[in-house]
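Written below as structure tokens is the structure these notes are about.
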Amino acid sequence: MDSGGCAAVKRLSVWIRARHRDPAGDPAGDPAVRADLTITTSAGKGLFAKKSIKKGEAIFLERPLVSAQFLWNALYKYKACEYCLRALETAEENARRLSGIPGLSLPHPELCRVRPELHQACPQCQVMYCSSECRQSAADQYHRALCLGPSQEDPDHPINKLKDAWRSMHYPPETSSIMLMARMVAVVKQAKDKAHWQKLFSYFCSRAANEEEEIAHKLLGDQFRGQLALLHSLFKAALYDDHLTRWFVPEGFRSLFALVGTNGQGIGTSSLSQWVHACDALELPAQQREQLDSFIDQLYKDIEKETGDFLNCEGSGLFLLQSSCNHSCIPNAEASFPNNNFLLKLSALSDITPGEEICISYLDCCQRDRSRHSRHKILRENYLFVCSCPKCVSQMDELDVTSEEEEEEEGEAEGETEGDEMEDEMTDV
């Protein structure tokens with residue numbers, strides 16, 4: 001790496017350290033980032049431990065550059081702070097809605113940390129925030145450029161047309177949002193130092209293809225040309241800015257699309273889940289513990305019957321440090337959101353020695369249990385690389401066959417039309 005690259009990485013690391021605070025500006029947990037960002041010759045950026053890290057310890061905490069709630073999630077009335085994604089419903093309100101039991105009362109309501117009296121709305125468009133600090137932060141960073149004012153519910157407003165088009169192509173379960181791209185544009189529009197923010201966004205991988213491995217992102221193929229063209233047209237009509245012309249030409253839009261699809265980290269928040277964790281921590285007599293556990297078990301059964309698996313306020317964000325972690329099918333770190341907002345905590349899954357690379361998994365638990373061939377297929381199509389982690393190397397002699405789960409999924413899809421297949425693929429951004 002040249003000296004200019006070293007200086008850029010050093011500036012980036014210092015900038016991230018200055019940001020690892022909660023939205024109110026207070027220190028959030030451990031004060032030290034226990035890892036260094038490094039450019040590697042084999043895998044681009046990488047994160048390496050600079051000191052010993054014990055299993056369970058926090059490696060760092062980080063706020064996203066931008067984040068956004070998923071559009072279907074918001075439409076289905078999962079109420080979240082427009083800025084930090086903190087759940088706005090109280091645990092009891094959340095439990096009543098998800099279970100379909102309007103008269104439900106939760107024991108120990110004092111354990112709910114949601115404070116409705118602190119919530120504030122934008123005076124112009126009425127979107128909600130969990131606090132005056134979040135409302136001000138959003139206004140300062142991006143919201144002035146995106147506020148629809150009295151047109152918030154107008155279906156003909158260009159931004160609402162863009163949202164509707166995205167929802168028509170990207171059904172739940174959601175994994176990304178066109179509004180993440182919109183907030184990137186809005187941040188640069190409002191910024192005094194526009195070059196600074198464009199530089200920060202440039203640190204994210206935005207490749208649409210990997211020429212060396214002859215891999216192209218599955219969502220940027222010819223079969224999606226019409227859908228991408230429509231999104232590009234609506235995106236340009238709603239958000240065009242002279243300072244960002246490169247993001248609005250077709251190739252720039254494709255790169256922006258790839259950036260969000262590749263780097264967007266899912267964020268989940270839930271006042272009910274936070275209440276349950278607080279209940280688990282209570283020291284109670286055996287009979288009261290049994291009664292409380294029984295109540296919570298029944299509540300989750302009622303929610304599963306009424307709502308299914310969609311329990312949380314969900315969105316995604318762009319995290320500079322977290323996105324620098326490379327993948328492993330046997331990760332030594334994982335991300336969580338313990339503060340019920342967008343503050344990401346990366347914790348060690350095992351003891352990590354100084355100099356050891358910190359790796360997360362780009363696959364969920366079920367995907368990691370699939371065959372090497374199945375894992376590689378997902379990683380190639382979505383992240384444009386061939387995994388060579390220790391697990392994959394140890395399974396090199398396995399036949400290139402799909403896992404039973406994937407075979408079942410492919411079998412169920414055989415009866416679909418080509419258009420249906422395209423919609424399903426676009427859903428999996």
Side-chain angles (χ1 to χ4, degrees), residues 4 8 11-12 15-16 19 44-45 63-71 82-83 122 124-125 127 137-149 151 157-166 169-170 176-209 217 219-220 224-265 315-320 323-324 342 384 429:
R11 287 195 301 270
L12 176 59
W15 187 87
I16 291 172
R19 279 179 59 86
K45 290 180 292 186
R63 291 169 60 190
L65 293 186
V66 290
S67 61
Q69 187 179 5
F70 292 147
L71 291 176
E82 181 76 3
Y83 179 68
C122 168
Q124 283 74 45
C125 68
V127 298
S137 294
D140 292 343
Q141 187 175 341
Y142 63 83
H143 186 66
R144 289 197 299 272
L146 294 177
C147 182
L148 303 191
S151 300
H157 191 283
I159 289 180
N160 286 334
K161 284 185 176 181
L162 179 65
K163 291 179 178 180
D164 288 341
W166 179 261
M169 300 174 192
H170 191 82
S176 190
S177 174
I178 195 76
M179 293 310 293
L180 208 53
M181 297 164 61
R183 289 193 179 176
M184 291 173 66
V185 172
V187 163
V188 177
K189 277 187 174 184
Q190 287 193 202
K192 293 180 180 179
D193 189 349
K194 300 182 188 302
H196 168 72
W197 281 94
Q198 291 182 72
K199 183 68 174 177
L200 288 175
F201 288 132
S202 75
Y203 284 111
F204 293 98
C205 174
S206 59
R207 290 188 303 174
H217 198 290
L219 295 174
L220 299 173
F224 301 120
R225 186 174 296 171
Q227 291 171 313
L228 287 170
L230 174 60
L231 287 173
H232 174 232
S233 175
L234 293 170
F235 189 77
K236 187 174 181 179
L239 299 161
Y240 182 80
D241 185 85
D242 288 335
H243 294 92
L244 291 167
T245 53
R246 64 186 178 87
W247 283 357
F248 289 95
V249 297
E251 192 57 36
F253 179 77
R254 287 163 59 88
S255 293
L256 200 61
F257 198 82
L259 185 157
V260 168
T262 302
N263 297 279
Q265 163 67 44
S316 62
L318 295 177
F319 296 84
L320 273 173
S323 70
S324 301
F342 63 17
L384 308 178
V429 174

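Just so you know, residue 1 is the first one in the sequence shown, and it goes up from there.
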Is [Y] close to [X] at the side-chain level, that is, under 4.5 Å between some pair of heavy atoms?
| X | Y | result |
| --- | --- | --- |
| Val66 | Tyr142 | no |
| Val249 | His232 | no |
| His170 | Phe70 | no |
| Val127 | His143 | yes |
| Leu231 | Gln227 | no |
| Met184 | Leu244 | no |
| Leu234 | Ile159 | no |
| Met179 | Lys163 | yes |

* **Pair Phe201-Leu256, side-chain contact (heavy atoms from CB on, under 4.5 Å): steps then yes or no** => CA-CA 10 Å; Phe201 288 132; Leu256 200 61; over 6 Å; no
For [X] versus [Y], what's the shortest heavy-atom pair and its separation?
| X | Y | value |
| --- | --- | --- |
| Ala145 | Gln190 | N-OE1, 2.8 Å |
| Trp166 | Ser176 | NE1-O, 3.6 Å |
| Ser323 | Lys45 | OG-NZ, 4.4 Å |
| Leu200 | Leu320 | O-CD2, 3.7 Å |
| Ala68 | Leu180 | N-CD1, 3.8 Å |
| Gln124 | Cys147 | CB-SG, 3.6 Å |

* **Qualifying residue for side-chain contact (heavy atoms from CB on, under 4.5 Å) with Leu65, from Trp197, Phe319, Tyr203** => Trp197
Would you give the length of the straight line joining atom [atom1] of [X] to atom [atom2] of [Y], rounded to the nearest 0.5 angstrom?
| X | Y | atom1 | atom2 | answer |
| --- | --- | --- | --- | --- |
| Met181 | Leu259 | CE | CG | 9.0 Å |
| Ser177 | Leu71 | OG | CG | 4.0 Å |
| Leu230 | Leu162 | CG | CG | 9.0 Å |

* **Parallel, tilted or perpendicular, as decided by the 30° and 60° cut-offs, for the rings of Phe235 and Phe253** =>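 Rings of Phe253 and Phe235: tilted, as their planes differ by 30° to 60°.
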* Relative to each other, are the rings of Phe342 and Tyr83 parallel, tilted or perpendicular (30° and 60° limits)? -> perpendicular
* Asked: Under the side-chain contact (heavy atoms from CB on, under 4.5 Å) criterion, do Leu318 and Gln265 qualify, and how do the steps go?
  -> CA-CA 6 Å; Leu318 295 177; Gln265 163 67 44; over 6 Å; no
* Decide if atom NZ of Lys161 counts as having more than 12 heavy atoms of other residues, nucleotides or ligands within a radius under 6.0 Å. =>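 Not more than 12 within 6.0 Å, no.
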* Asked: With sequence neighbours left out, which residue pairs that include part of residues 234-250 fulfil the salt bridge (Lys or Arg N to Asp or Glu O under 4.0 Å) condition?
  -> none
* **Derivation of the side-chain contact (heavy atoms from CB on, under 4.5 Å) call for Phe204 and Val260** => CA-CA 9 Å; Phe204 293 98; Val260 168; over 6 Å; no
